[in-house]
Participant: 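One structure is given below, represented as structure tokens, and several questions about it will come after.
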Amino acid sequence: MSERTDQIGDRPAGLELQRREFYSYVSGVVLALILTLVPFGLVHFGHAPVTTVYWVIGCLAFVQMIVHFRFFLHIGFRQKREDLQLILFSAVLLIIMIGGTVWIMGSLAGRMMLPLQP
Amino acid sequence: MSTASIVYDIIGRFTMHSLPFYDMVQNPTKENLINGSIAGFAACVAVGGLVIVVAGITYLKKWRWLWSEWLTSTDHKKIGIMYVVIAFVMMGRAIIEAILMRAQQAWGLDGGFLSPNHFGQLFSTHGTIMIFFMAMPFLIGVINYVMPLQIGARDVSFPVLNSISLMLTAAGAILIMASLVFGQFSTGGWFGYPPYTEAHFLPGVGPDYWIWALSLSGLGSTLTGINFAVTIFKERAPGMKLFYMPLFTWAALCTSIMMIFAMPPLTVATAQLALDRYLGFHYFTNELGGDMMHFVNLFWIFGHPEVYILIIPAFGIYSEVFSTYSGKALFGYASMVLAIMCIAILSFTVWVHHFFTMGQGPSINAVYGIASMLIGIPTGVKIYDWMWTMFRGRVRITAPMIYAIGFIVLFVLGGMSGIVLANPSVDFQVHNTDFLVAHFHNVIIPGVLFGLIAGYHFWFPKVFGYRLDERWGIFAACCWTLGFMLAFFPLYALGIMGLPRRTVAYAQPAYVPLEMAAFGGALLIGVALLSLLIQLVVSYLHRDENRVPVGDPWDGRSLEWACAAPPPEYNFPVIPMVSDRDAFTAAKAFGTAYLPPAEYVDITLPKNAAMGPVIGALGFAIAFGLVWHIWWLVCLATLGAFATMIVRGFARDTTKTIPAAEVEAEYEQWLEVVRAATPVTRADETRPVNQGLADQTALGAAS
Amino acid sequence: MSQEVFHYPGLNLGKAHPRTHAIAQTTIFGFWVFLMSDAILFGLVFSSYVTSVHATAGAPGPKQLFDITSVFAETLLLLASSFTFGMASLSMKYSHSKRRLVGWLVLTLVLGAGFLGLETHDFLTMVAKGGAPEHSGFLSAFWDLVPLHGLHVTGGSIWLICLLGQIKRYGLDTRTKLDIMRLALFWHFLDIVWIAIFTVVYLAGLA
Ligand code: HEM
Ligand SMILES: [Cu+2]
């Protein structure tokens, strides 16, 4: 059941692709490293107000997730339609579920004076 | 080491008290005698049923056949049939329990005959079974059978996974059956709210049975959802665009997507409850920062989409039934598709309506209440579309049509009571009363159950090659409809009069007449179920007169009617080309149905796999061990499950080939049957002359 | 052909492995759907965690329990293992020799094991400091979320070991290639979940 592993007709194009894909991983890892170092540094060494820190690390994490999707999982707009739809649909549902939960349980905690707010 | 601890190591927390007779024998009070006899009788039926089945198979020497033709089969059609069999068995048990509950309440003025604990087990098993082990397997079974045929595929995308899902569901069902014999089920209802279901209040095995049965079935359903969704996206016959798919397939797609995304919250909720009970976590406990409202929230993030997982396939079935028995294309196809998509998405945004009274802010209730009411709009669109489908059609009143018409009338009523409940200020008054019980049975019986039974009638001839008896079918349908109305309309009134749900006894004489009426209705439903059974037997005995080998008894419109009844293992000798909606109607109109293909090719199919039954058995063993704290069993079975998966990873030779010559021979033989058959008009479709070949010359047949 | 269309998420084998590439469309799509279902699972556990952060009930909280250096090391290990798995995928696609592929996979496995080792060490330290799950709602939520990810990584590692076995037994046949592609997705996906964990649990907890 084996198949020939190397059947790239026009070698230059194949090589070009290979190089591009290699650099995709490399740039991914470099970007991810930066996006990791900054928030860790901010929390460990910084003295910024807590809310600011929350916002900054939240945004950086979001960007890092996109970096991983883009460079490690190769998700982009050249995706087949159903793949992209699936990811976006899942994202929407995640937002509905997590957002709803936080809203509902937060409101409940506030009204019952549970220790949800610090 | 004491003997007691050795015994505990071997059989966990099982004791003589776990047997249903034991308390009755030890302490024969009147109450214990009645409850013990009922529970003991049920246990005997379960054990006796098992013994009869096992003995029967052994006597007939059918074990090998059962194993190789059914249990290890990866054929989506056989898997579908097995799902439906599970559903019918479980339905039998749950309906008997329902009648028992209705009897208790009918005589429940200042007492009744059941103990509160027993009554609590009854509504818990009834609800759990009906949702997870009746409705889910039924609809998954029907989708399994029909959907691949409708899209012109040979099988689902992952046949072995399909078999695993089936066996996990079966394991869950067997676990619930085991609770009849060993120990007692939970009394926490079908949604098992903590803190009542925490170890502090219910230290016994009941909630554990509930947790692990749900986990098994939930896992199975998630995998099924993935399987179906991928199948519909990737395996459609060439030319079948998404908007050429039959409506049932659309419904299957929406339902599968909902299963994929709605099952995880259930998994999280039950897993966290299990962590609380087994490892002393504090998610939902009363102390140390636990918060039971988390459970409520998580459960209903799953729970609401779940009810739409149930109803959407039924909507799909009604769409097929209405258009086929009206001899017309479905009215408003695009609006129908759009409507189910809207319903599917909206259903993820309304879960709070199950706990308006929990204590969150009013703006939250307002938002979720309005979202709930919005679902009425797409549903209304569908109702009108179905009615327009019948309009000026040549409607034939067959058994499925009786269910379908009953559905339209009754479902609208049930839906309207739902819109009433979606108003938080009204809900505060009738929350957790019988009004709610009336509402959800009013949507779930005429909606889901009628749809599934209609589908069972509709596709039965395709599956087994002969039609079901029409007279008994119509009788059963009428009993279902009338019985439903008699059993549940009184509950609306009872709810408004203040009767809480799950009440074992009451002190208000005004309830009695309504309770009696409801009991009568429940009995009528029992008659309906019995008629379905008789119908099956009668039809089986008369199967030779009612054969429809050609496979198209109702002048069907989609591809599943294009092949023989029952279809060959590979469904289609060559994959059909599709260029329109209602592909088979088009083919009949253009005379391209029943033609031999230009060329036959070898067909590759998956081989049988023991993976499914093995994983199912190990899943059962893990769950049973967890329930009874038999840790050695849990460890062994878990290791076994891992080993099975690893070994399966090394399997390579997993397909078999059916040679083109064999396909050709089989197909030619069937074409011979087709040529010999006499076409029938719709007037004759329920008579023996109907061999499954539809007369295309009759007026309006091709419209 | 400079603009390759991606037929499925993840590294596309493309013309280099036409047969696997064709089957992968369905298989990988299916696996991706599973991942999305898993993502919902994680999302809900996250929402449990976020709504229980303050339910410490007198037991130690994040500031007393978490150790930023060790989390940082874990993060780097996991990121590195994502990269090495990427290299493994590339050598599967382009290289003739199994050796290089196996080398990258083994390296990934070592990094993953390192991550698990450090994480276990963290957990033990937490318990020693009074951070066992039965002490508070917050700790219960923590012990559901972070070990859940750890269990996924463990599962992935076991799968990886089995794959090495399959490569040894069958070489790189279609089935093995498909499995490697799926495991790659799984591995990268877990790294994404980890981003959320170190941000929401550790960094926000220590901020
Ligand atoms: C066929 C005739 C049926 C009858 C006579 C019946 C009767 C009952 C009764 C008496 C209860 C207890 C009500 C109470 O709490 O006071 C109940 C509860 C329930 N039923 Fe049915 N039922 C029927 C069919 C179904 C079906 C088809 C489903 C779902 C597919 C279903 C789902 C439920 C659920 C979820 C509960 C709630 C259990 C709980 O309280 O936790 N029932 N039913
Ligand atoms: Cu709802």
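When reading the values below, keep in mind they use all heavy atoms of this one structure, side chains included, and skip hydrogens, waters and symmetry mates. Residue numbering restarts at 1 for every chain, and letters A, B, ... go by the order of the sequence lines.
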Participant: Search all heavy atoms of C/Ala57 against all heavy atoms of B/Gly289 and return the closest pair with its distance.
Facilitator: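 Where C/Ala57 meets B/Gly289 most closely, the heavy atoms are CB-N, 3.9 Å.
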Participant: Taking all heavy atoms of B/Gln272 and all of C/Ser48, pick out the closest pair and write down the distance.
Facilitator: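 Smallest interatomic distance, heavy atoms only, reads NE2-OG, 3.4 Å.
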Participant: Checking heavy atoms, do the side chain of B/Ile260, its backbone, both or neither come under 4.5 Å from chain C?
Facilitator: both
Participant: Could you give the distance from CD1 (C/Ile158) to CD1 (B/Ile646), rounded to the nearest 0.5 Å?
Facilitator: 7.0 Å
Participant: For chain C, which of B/Ala271, B/Ala269, B/Pro265, B/Ser157 has the most heavy-atom pairs under 4.5 Å?
Facilitator: B/Pro265
Participant: Around B/Lys241, counting heavy atoms of other residues, nucleotides and ligands shown, do more than 12 lie under 6.0 Å from its NZ?
Facilitator: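 12 or below, so no.
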Participant: How long is the span from the OG atom in C/Ser140 to the CG atom in B/Leu275, to the nearest 0.5 Å?
Facilitator: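 These two atoms lie 8.5 Å from each other.
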Participant: Flag yes if more than 12 heavy atoms outside B/Phe642 fall under 6.0 Å of its CZ atom; otherwise flag no.
Facilitator: no
Participant: So what's closer than 4.5 Å to chain C heavy atoms on B/Glu287: side chain, backbone, both or neither?
Facilitator: neither
Participant: Please look at C/Thr176 and chain B and tell me whether the side chain, the backbone, both or neither of the residue comes under 4.5 angstrom of a heavy atom of that chain.
Facilitator: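 Interface part for C/Thr176: both.
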Participant: Please report the interatomic distance CZ(B/Phe281) to CZ(C/Phe142), rounded to the nearest 0.5 Å.
Facilitator: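 Result: 10.5 Å between the selected atoms.
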Participant: Would you mind reporting whether C/Met36 and B/Phe261 have side-chain heavy atoms less than 4.5 Å apart?
Facilitator: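 A side-chain contact exists here, since the closest heavy-atom pair is under 4.5 Å.
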Participant: Once you round to the nearest 0.5 Å, how far does CZ of C/Phe34 lie from CZ of B/Phe158?
Facilitator: 12.0 Å
Participant: Please round to the nearest 0.5 Å and tell me the distance separating atom OG1 of C/Thr51 and atom CG of B/Asn297.
Facilitator: 8.0 Å
Participant: So B/His282 and C/Ser136, do their side chains get closer than 4.5 Å, heavy atoms only?
Facilitator: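 Side-chain contact under 4.5 Å: no.
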Participant: Could you walk me through whether B/Tyr283 and C/Asp144 satisfy the side-chain contact (heavy atoms from CB on, under 4.5 Å) test, starting with their C-alpha distance in whole Å, then the side-chain angles of each, then the deciding distance to 0.1 Å, before giving a yes or no?
Facilitator: CA-CA 10 Å; B/Tyr283 276 112; C/Asp144 192 11; 2.5 Å; yes
Participant: Below 4.5 Å, heavy-atom pairs only: which of C/Glu134, C/His135, C/Gln166 has the largest tally toward chain B?
Facilitator: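 Greatest number of close heavy-atom pairs with chain B: C/Gln166.
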Participant: Check the pair C/Ser37, B/Met259 against side-chain contact (heavy atoms from CB on, under 4.5 Å), reporting the backbone distance first and the verdict last.
Facilitator: CA-CA 9 Å; C/Ser37 184; B/Met259 284 185 206; over 6 Å; no
Participant: Which atoms of C/Phe31 come close to chain B, meaning under 4.5 Å heavy atom to heavy atom: side chain ones, backbone ones, both, or neither?
Facilitator: neither
Participant: Side chains of C/Thr174 and B/Arg652: donor-acceptor distance under 3.5 Å anywhere?
Facilitator: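 Absent: no donor and acceptor within the cut-off.
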Participant: Do C/Ser52 and B/His294 touch side chain to side chain, with heavy atoms closer than 4.5 Å?
Facilitator: yes
Participant: Is there a side-chain contact between B/Met263 and C/Ile40 in this structure, where contact means two heavy atoms from C-beta onward sitting under 4.5 Å apart?
Facilitator: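 A side-chain contact is absent here, since even the closest heavy-atom pair is not under 4.5 Å.
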Participant: Does any heavy atom of chain C fall under 4.5 Å from the side chain of B/Ile301, the backbone, both, or neither of them?
Facilitator: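 Interface part for B/Ile301: side chain.
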Participant: Which residues pass the side chain to side chain donor-acceptor pair (under 3.5 Å) test with B/Gln360, not counting sequence neighbours?
Facilitator: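 By the side chain to side chain donor-acceptor pair (under 3.5 Å) rule, B/Gln360 matches B/Asn365.
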Participant: Not counting sequence neighbours, which residues clear ring-ring contact (aromatic ring centres under 6.0 Å, His included) with B/Phe233? List them please.
Facilitator: C/Phe29
Participant: Given the ring of B/Phe650, does C/Arg169 sit roughly above its face, with NZ or CZ under 6.0 Å from the centre of the six-membered ring and within 45° of the axis?
Facilitator: no
